[in-house]
Amino acid sequence: MRVSKAVIPAAGLGTRFLPATKATPKEMLPVVDKPAIQYVVEEAVSAGIDDVLFITGRSKRALEDHFDRNLELETVLAEKGDRERLAGITASNDLARIHYVRQGEALGLGHAVSMAERHVGDEPFAVLLGDDLIDPRDEVLPDMIAAREAVGGSILCLMEVPREQISLYGCAAVEPTATDGLVLVTDLIEKPAADEAPSNWAVIGRYVLDPGIFAVLKRTTPGRGGEIQLTDALRELAHGGAVYGVAFRGRRYDTGDRLSYLQAVIRLALERDDLGPALRDWLPSVLAAPATKETP
Ligand code: G1P
């Protein structure tokens, strides 16, 4: 069955980015001139998904407004004849059919995903975590969807990280399969200490899940941090031999982390025709100059 629906959990409080996220959802922080979340929705659409369900919480109204029309702005820009900006603000309206469900209580990622059961029904579906920005040139979701079509089960996106960083991620124990780039996941641990991690393979925020996950989530008890963890439910499926991993070796940024967020902004701005050349010229002078006053 085709993967046509994506679930995007977006109920988090964004505490790593306070005070910027006091009144603005973290998903709306701009990466160059687009909110981080728009890259994520565009990635899903580019993989053939046409239906997106956001799991939101309180103070996420800006998300709904962003993916809706803004008639006042449209009128002003149309009157000015500013076609480029007009295209920019309407681009997010028709990306996909977008739906929202509120989580109510932040009980963990597993709980957030379980809120999607009614909408998703009995189909495989994608989950994209908004903090993970996959460079649009290195998309991995199509490979994951192809893997689901080939082997069934649930498909994770795995990235090798230095051992000292594994405690920030879900970690997978893996075995090779006959297919290059596809591994069998034999065990999963949410955010293990470096010396308890079974490997350096970190779970990145892209999943193609079998709808069987919903039944497992119902009986998953709170795990790490007292939260219902998606990793724990996937672990049960992995023990049944039905979880695979696609190795990701592309560029990925954690836009929920301040340093990685700045790196994403700079990397993507450098690639742009309108901003890249000027930024490229300016950067060496900042790096060379002592950190005092602004260079022109
Ligand atoms: C979540 C998952 C974790 C995964 C990570 C990827 O953690 O629980 O298994 O490795 O996303 O970004 P979070 O970063 O939301 O704490």
Side-chain angles (χ1 to χ4, degrees), residues 6-17 21 25-27 29 36-37 39-40 43-44 54-57 103 106-116 126-135 138 140-141 144 154-174 183 185 187-194 196-209 213 216-217 220-238 243-248 250-261 263-264:
V7 174
I8 304 186
L13 294 176
T15 44
R16 288 190 286 173
F17 252 106
T21 47
K26 64 174 174 172
E27 293 80 8
L29 294 177
I37 197 68
Y39 291 85
V40 177
E43 181 192 336
F54 278 109
I55 316 292
T56 66
Q103 194 180 1
L107 299 178
L109 179 59
H111 178 255
V113 170
S114 73
M115 305 285 303
V127 172
L128 293 89
L129 304 189
D131 280 351
D132 278 300
L133 199 159
I134 305 278
D135 194 298
D138 295 336
V140 64
L141 205 48
M144 297 172 67
S154 295
I155 315 292
L156 309 184
C157 179
L158 301 178
M159 187 173 88
E160 259 189 309
V161 300
R163 182 54 64 129
E164 63 273 15
Q165 285 175 22
I166 198 73
S167 62
L168 299 171
Y169 300 95
C171 174
V174 301
V183 291
V185 174
D187 202 6
L188 281 163
I189 307 178
E190 178 69 2
K191 302 191 176 134
E196 282 162 19
S199 77
N200 285 7
W201 287 104
V203 176
I204 298 308
R206 298 291 180 270
Y207 308 78
V208 173
L209 298 179
I213 193 80
V216 181
L217 280 169
T220 302
T221 50
R224 200 174 163 87
E227 298 188 342
I228 298 172
Q229 297 289 352
L230 180 60
T231 305
D232 292 344
L234 284 164
R235 180 176 203 225
E236 187 178 322
L237 294 180
V243 179
Y244 297 85
V246 166
F248 175 67
R251 287 155 287 193
R252 167 249 175 205
Y253 314 95
D254 175 2
T255 53
D257 172 75
R258 288 171 302 171
L259 180 61
S260 185
Y261 168 81
Q263 290 166 342

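Heads up: numbering here begins at 1 and tracks the sequence. Just follow the structure's listing: the first ligand is 1, and inside any ligand the first atom is 1. Bear in mind the structure is a predicted one, so any value in this text is a computation, not a measurement.
Among all non-hydrogen protein atoms, the one lying nearest atom 6 (C) of ligand 1 is V203 O, 3.4 Å. Here the heavy atom of the protein found nearest to atom 9 (O) of ligand 1 is E190 OE1, 2.7 Å. Protein heavy atom closest to atom 14 (O) of ligand 1, with residue, atom name and distance, is K191 NZ, 4.3 Å.
If you number the atoms of ligand 1 from 1 as listed, the ones under 4.0 Å from a heavy atom of L129 come out as 1 (C), 11 (O). Within ligand 1, counting atoms from 1 as listed, the ones closer than 4.0 Å to a heavy atom of G205 are 6 (C). Atoms of ligand 1 found under 4.0 Å from any heavy atom of G170 (numbered from 1 in listed order, with element): 3 (C), 4 (C), 9 (O), 10 (O). Residue contact check: D132 has heavy atoms under 4.0 Å from atoms 6 (C), 12 (O) of ligand 1.
A salt bridge links D131 with K26: the distance from a Lys NZ or Arg NE/NH1/NH2 to an Asp or Glu carboxylate oxygen falls below 4.0 Å.
When distances from atom 12 (O) of ligand 1 to the protein are checked, a heavy atom turns up under 4.0 Å.
Between the side chain of D132 and the backbone N or O of G205 there is at least one donor-acceptor pair closer than 3.5 Å. At distances below 3.5 Å, at least one donor-acceptor pair connects side-chain atoms of R16 with backbone N or O atoms of G256. Remark: side-chain polar atoms of T21 are paired, donor with acceptor, to backbone N or O of G14 under 3.5 angstrom.
The number of heavy-atom neighbours closer than 6.0 Å to CZ of R258, taken from other residues, nucleotides and ligands shown, is 12 or below.
Looking at T231 next to ligand 1, an N or O pair under 3.5 Å apart turns up.
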Step-by-step side-chain contact (heavy atoms from CB on, under 4.5 Å) determination, L29 to T255: CA-CA 9 Å; L29 294 177; T255 53; over 6 Å; no

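Residue-level proximity to ligand 1 for D131 is absent, since no heavy atom of it falls below 4.0 angstrom.
Rounding to the nearest 0.5 Å places OG1 of T221 at 11.0 Å from CD of Q229.
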